[in-house]
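Numbering of ligands and ligand atoms starts at 1, following listing order.
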Amino acid sequence: MKILFIGDIVGEPGRRAVKELLPKLRERHALDFVIANGENSAGGNGITPRTAAEIFEAGVDVITSGDHLWDQKEVMELLASESRFVRPLNYPPGTPGQGSGLFEVRDRKSADGTPLVVGVVNAQGRTFMPAIENPFLVVPPEIERLRQQTKIIFVDFHAEATSEKIAFARMLDGQVSAVVGTHTHVQTADEQIFPGGTAYLSDAGFTGPHESVLGREIEPVIKRFVTNMPQRFEVASERVVLHGAVVEIDEATGKAFGIRRVSETLA
Ligand SMILES: [Fe+2]
Ligand SMILES: [Fe+2]
């Protein structure tokens, strides 16, 4: 089966890119399932039920998140009641929402006639990021639990440091189908299949305006670095690109046998 993962959707331009490009990508790659990181989908900061609904309507099956989770207070509604929304697993016990989920693939059955199920896990790194529970300790038992239900497991590891991302994915090699990184908004070129059959990419990149600094207007960001004074970072508008990766997975074993980066410009 083929899963498309879409890197951080930034603001209205990002949502527009998903809406317009996803139907074409679904057809071109014969996609079975689509996961997208939505942590910047509301004006670049956080996610709301409205922006999530737009992303789901565009054809995304599951939305993951990250450190921008709390930017919009309306996210509480998603955490309370949206089963297709996954937040980082390694927040303290008692945090609303879910850090993983099991999702049936539409119109697909496994070889034995039972529904084909994908497990999705979202976790957040700790290096150069806010303090949070240790993902290296919290995630493996969750993977073990999910593996009782399905071997097809996709992990969005939302983290800054490439060393943390690679070490985390190496730890999970053979236990999950794919570990794809998010958060830096810069797509890396290190896609590969580890020896145990886990597909890996350090960062999927971001979906939104690329004539920017990570999706924001360029000048205020430069000014911030030059003066150290706070600035308003508005979402930019030009050269809208959808970034992500397509992972091909053997449904019987859950092992990946292909990973290809996606970079699709909105005409
Ligand atoms: Fe982001
Ligand atoms: Fe982030």
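- No donor-acceptor contact under 3.5 angstrom links the side chains of H158 and N122, judged on distance only.
- For residue D67, an N/O/S atom approaches the Fe ion (ligand 2) to within less than 2.8 Å.
- No other N/O/S atom of D8 lies as close to the Fe ion (ligand 1) as OD2 does.
- The Fe ion (ligand 1) forms the vertex of an angle spanning OD1 of N40 and NE2 of H185; to the nearest 10 degrees it equals 90°.
- Among the atoms of H68, no N, O or S atom falls under 2.8 Å of the Fe ion (ligand 1).
- V186 is listed as a side-chain neighbour of L214, based on a closest heavy-atom distance under 4.5 Å.
- With rounding to the nearest 0.5 angstrom, the NE2 atom of H243 is 10.5 Å from the CD atom of E264.
- Counted by atom type alone, N40 and H185 present one or more donor-acceptor pairs between their side chains at under 3.5 Å.
- With the Fe ion (ligand 2) as the vertex, ND1 (H183) and OE2 (E39) define an angle of 150°, rounded to 10°.
- Remark: of the listed residues R106, R108, K2, R108 is the sole one forming a side-chain hydrogen bond (donor to acceptor under 3.5 Å, both in side chains) with D32.
- None of the N, O or S atoms belonging to T182 lies under 2.8 Å away from the Fe ion (ligand 1).
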